[in-house]
J.: 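Following this message is one structure expressed as structure tokens.
The figures here come from the full heavy-atom set of this structure, side chains too, leaving out hydrogens, waters and symmetry mates. So you know, we letter chains A, B, ... as the sequences are listed, proteins then strands, and number each from 1.
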Amino acid sequence: MKASSYYMPTLRQAPAEADLPSHRLLLRGGFIRQVSAGVFAFLPLGLRVLRKVEKIIREEMNRAGAIEVHMPVLSPSEIWEKTGRWFDYGPLMLRVEDRSGRWFALGPTHEEVITSLLARDVGSYKQLPVNLYQIQVKFRDELRPRAGLIRGREFFMKDAYSFDVDRDGLDRAYDMMYEAYRRIFARLSLPTVIVEAEGGVIGGSDTREFMLPSESGEDTILICDNCDYRTNAECAYSRKPEPVKERNALTNRELVETPGMTTIEQVSEFLGCSADQLVKTLLYYADGRFVAALVRGDRELNELKLQVALGAGELRMATPEEILELTGAPVGFSGPVGLRDEIYIIADHEIAAMTEFAVGANRADAHLVGVDWGKDFRVDEWADLRQVVHGDPCPRCEEGYLSMHRAIELGHLFKLGTKYSEPLGAVVDTPGGEQVPVVMGCYGIGVSRCVAAIVENGHDEDGIIWPLAVAPFQVVVLSLERDEEVARRAEELAVALEEAGWEVLLDDREERPGVKFKDADLVGFPFQVVVGKRLKSEGVVEVRCRKDRQERVVAPHGVATALAEMAKGT
RNA sequence: CGGGGCGUAGCUCAGCUUGGUCAGAGCGCAUGGUUUGGGACCAUGAGGCCGGCGGUUCGAAUCCGCCCGCCCCGACCA
């Protein structure tokens, strides 16, 4: 391919909207262009990378026995209504109306569609197991699209769905996908960390996410420095502390005026104690009842863990009005002492180790000090509720401590069970003649997000450093001389390399050498073959590796060999 | 959705406070010339309803209102 007739508009300066390295470099290198917030066009170079990522995913999915299909972007509202997600998805789902007033979703995911299809055509266990996947565009009207390809409203996803007659089959399908994902990310040169994740209330066990540690990530993961505990922070366990053995028999509860002090910082400063001697009370509305969730003052409540502990489908904070009505006090002064009986009190297990602490008094501008659980208020349920943080002891081993990292979620493995097969009627006959809903798993990879992640993981101040496997072209031949003879030999070399199986871009543009060097570094071709004046004077060209800047000087006929050897080393 | 910021040439931005030689710069682009191993130089030129609509005014890129778009932070932490 000749650069002179190709389309790779590079930019000297990144557009102002780009912040992260991947966003900036993909724009500058002429890989993508933004069309709207969270909506991107893939230019030729970007599409080549995307296709290569897809190809690797496709090969490994096929190898793992999954079979490719293609589902429509448009799916009718009726099938979403069967699972309740036409409502549950809320504004995240983009919807369109056709001319006759029927509503369609622009698919944010495809469980409903694939399960409906399967329900229609599969009726016997003999047709299972099957694992169907597609690589397709998805639409999600995100709260806030950001970071270029990392969180878009329209993006490419590989989504696979396994169907089995029983739980054992699901486990096998899941394991196959697990191994396939390991191979995929290895081939993409993405050093992912596999973490435990929370699948929500219905999710059940064995939800895993493939995370790329990166400052640009939106997720937080925790890694034990001693054992193999690796988890998404949203579902990290905390180690249960030893409860206090000796409890003061005396009640020394005391009301303290705390005018206008609604934050933990204000109260602890005023009382002259540290935040971990306070207990904060958070009021929630969960499936029709009000719940008071208690955590230590210096902790943050993990809402997902609360939801799981309560087994709640719906969970939201109580409004300021509700808090006033329930406690008689404005926001900032809620406490567990004297709460109405109908309010369920769930406390973080860390509080079991506390004694004589301070809480809100359920009265404006007042707190109670010297409070003890059990004595001053009841606890209906103990649970692990708090957010786990950097430096916490590992809940799984004795010696380890957890470190916290930002990460980009690239892949997700999920056991669905019969969540979709039941409402959509995907039922098969078992050998015994019994009818059972099929047991499903789903497995996603953010394909376009992977492209961004590869850049986040591989760049320097000069530009992108593509792994060989996904580079838009593996080799760029820089034809630097205006001399016709040299230019002709550069072209011959490019052709020869193509014939040797390399993907080559010949930079034959009418540009000065500096421009070509800068663009080659920016775009990030793994190898640069420099054909310049040394060809005429010494009969040699230079072969350079973008990643480690290694260079070999060889005769033109030796380039293919040099490339092959250097490629082995990368 | 809340908070903040920003919309002026293809890109990066100045001008706005104090309305009137205010349609500007650099890069990019076109043409000519000189250059040619790490984003060259000179000359000439093209390119903008100053995001949109409305208002104030003799006069608006500039002041006011509404709308649209884009970016960042947050979106329960008492």
J.: Nearest heavy atom decides the nucleotide; on that basis, is A:Arg28 or A:Ala37 closer to the 5' end of RNA chain B?
T.: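 With A:Arg28 and A:Ala37 compared, the 5'-side residue is A:Arg28.
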J.: Within the 4.0 Å heavy-atom criterion, would you say A:Gln34 contacts the bases, only the backbone, or no part of the nucleic acid?
T.: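 Sugar-phosphate, backbone atoms only, no base.
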J.: Polar atoms only, N or O, under 3.5 Å: list the protein pairs with nucleotides 43-47 of chain B and their distances.
T.:
none

J.: Counting heavy atoms from C-beta on, name the nucleotide in B:rG38, B:rC70, B:rG39 closest to the side chain of A:Arg544.
T.: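 Output: B:rG38.
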J.: Work out how far the C1' atom of B:rC58 is from that of B:rC68, and round it to whole angstrom.
T.: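 31 Å, rounded to whole Å.
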J.: Which nucleotides of nucleotides 6-13 of chain B have their base under 4.0 Å from a protein heavy atom (B), which only their sugar-phosphate (S), and which neither (-), written as one string 5' to 3'?
T.: -----BSS
J.: Is there, by distance only and without an angle test, a donor paired with an acceptor across the side chain of A:Arg144 and the base of B:rG4 below 3.5 Å?
T.: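 Answer no: no donor N or O sits under 3.5 Å from an acceptor.
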J.: When all nucleic acid strands are considered with a 4.0 Å heavy-atom cut-off, which category describes A:Phe333: base, sugar-phosphate, or nothing?
T.: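 Sugar-phosphate: the residue A:Phe333, judged by heavy atoms under 4.0 Å, touches backbone atoms but no base.
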J.: Would A:Arg289 and A:Glu342 pass as an ion pair if we require N to O under 4.0 Å?
T.: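 No salt bridge links A:Arg289 with A:Glu342.
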J.: Distance check: side-chain N/O of A:Lys533 vs OP1/OP2 of B:rG37, anything under 4.0 Å?
T.: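 It does, given that an N or O in the side chain of A:Lys533 lies less than 4.0 Å from OP1 or OP2 of B:rG37.
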J.: Which value, in whole Å, describes the distance between the P atoms of nucleotides B:rU31 and B:rG47?
T.: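 Straight-line distance between the two P atoms is 16 Å.
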J.: Using the P atom as the point on both nucleotides, what is the distance between B:rA30 and B:rC70, in whole Å?
T.: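 Roughly 31 Å separates the two P atoms.
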J.: Quick one: label A:Glu510 by what it contacts on the DNA or RNA (base, sugar-phosphate, nothing), any heavy atom closer than 4.0 Å.
T.: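 Nothing, no heavy atom under 4.0 Å.
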J.: Roughly how far apart, to the nearest Å, are B:rA43 and B:rG48 at atom P?
T.: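 After rounding to an integer number of Å, I get 24 Å for this pair.
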J.: Using heavy-atom distances to pick each residue's nearest nucleotide on RNA chain B, tell me which of A:Asp19 and A:Leu143 is more 5'.
T.: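 Its nearest nucleotide being more 5', the pick is A:Asp19.
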J.: Between A:Ser36 and B:rC70, does any side-chain N or O lie under 4.0 Å from OP1 or OP2?
T.: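 For A:Ser36, the contact criterion (side-chain N or O under 4.0 Å from OP1 or OP2 of B:rC70) is met.
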J.: When you look at CD of A:Glu485, are more than 12 heavy atoms from neighbouring residues, nucleotides or ligands closer to it than 6.0 Å?
T.: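 Yes, the 6.0 Å shell around CD holds more than 12 heavy atoms from other groups.
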J.: Using atom P in both nucleotides, what's the gap between B:rG65 and B:rG3 to the nearest angstrom?
T.: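 Per the computed distance, 16 Å lies between those P atoms.
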